[in-house]
Amino acid sequence: MRRLAADLAAIRVDHTDADEAITVSVDGVGRLLDVRLTQAIAMLSPSEFERVLVATAAAAVRRALGTRGQLIDEFNGQVNS
């Protein structure tokens, strides 16, 4: 159980949009940890920036929660076998 807790606490996912303008980092519960921007954001309109930021953050959260779910499934498989 302690190992699961440590593994869950260690989850950190970075996701970068296709144009490499925005990178978002989240933890295992989807909490925003960091947003990094490159000069490529200068090519985005305000509405494009908003769309790309939200989409990038959502992708990071999906990946983090997927990792979290996988760890929990593995743990449950070990406990229930």
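Annotation: salt bridge (charged side-chain N to carboxylate O under 4.0 Å, His left out) contacts of Asp27 (sequence neighbours excluded): Arg31. Evaluation of the salt bridge (charged side-chain N to carboxylate O under 4.0 Å, His left out) rule for Arg62 yields no partner, not counting sequence neighbours. Scanning for salt bridge (charged side-chain N to carboxylate O under 4.0 Å, His left out) contacts around Asp19 gives an empty result, with sequence neighbours left out. With sequence neighbours excluded, no residue satisfies salt bridge (charged side-chain N to carboxylate O under 4.0 Å, His left out) with Asp73.
Both Leu37 and Val24 are assigned to one and the same hydrophobic cluster, defined by single-linkage of ILVMFWY side chains at heavy-atom distances under 4.5 Å. Val54 is not connected to Leu65 by any chain of hydrophobic side-chain contacts under 4.5 Å among Ile, Leu, Val, Met, Phe, Trp and Tyr, and they are in different clusters. Hydrophobic clustering places Ile72 together with Val79 (ILVMFWY residues linked when any side-chain heavy atoms are closer than 4.5 Å, directly or through intermediates).
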Would you list the atom pairs, donor with acceptor, under 3.5 Å between side chains in residues 4-16 and any protein atom, with sequence neighbours excluded?
unit_1	atom_1	unit_2	atom_2	d
Arg12	NH2	Ser25	OG	3.3
Asp14	OD1	Ser25	OG	2.4
His15	ND1	Arg63	NH1	3.3
Thr16	OG1	Thr23	OG1	2.7

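With a 4.5 Å cut-off on side-chain heavy atoms, Met1 and Phe75 count as touching. The shortest side-chain heavy-atom distance between Leu71 and Glu74 falls under the 4.5 Å cut-off. Looking at Leu53 and Val35, their side chains come closer than 4.5 Å, going by heavy atoms from C-beta outward.
Expressed to the nearest 0.5 Å, how far CD of Gln78 lies from CZ of Arg3 amounts to 7.5 Å.
Closest non-hydrogen pair, Thr56 versus Val52, comes out as OG1-O, 2.7 Å.
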Full working for side chain to side chain contact (heavy atoms under 4.5 Å, CB included) between Asp34 and Arg36
CA-CA 7 Å; Asp34 191 26; Arg36 293 180 302 284; 2.7 Å; yes
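Applying the salt bridge (Lys or Arg N to Asp or Glu O under 4.0 Å) definition to pairs two or more places apart or across chains, none involves residues 47-56.
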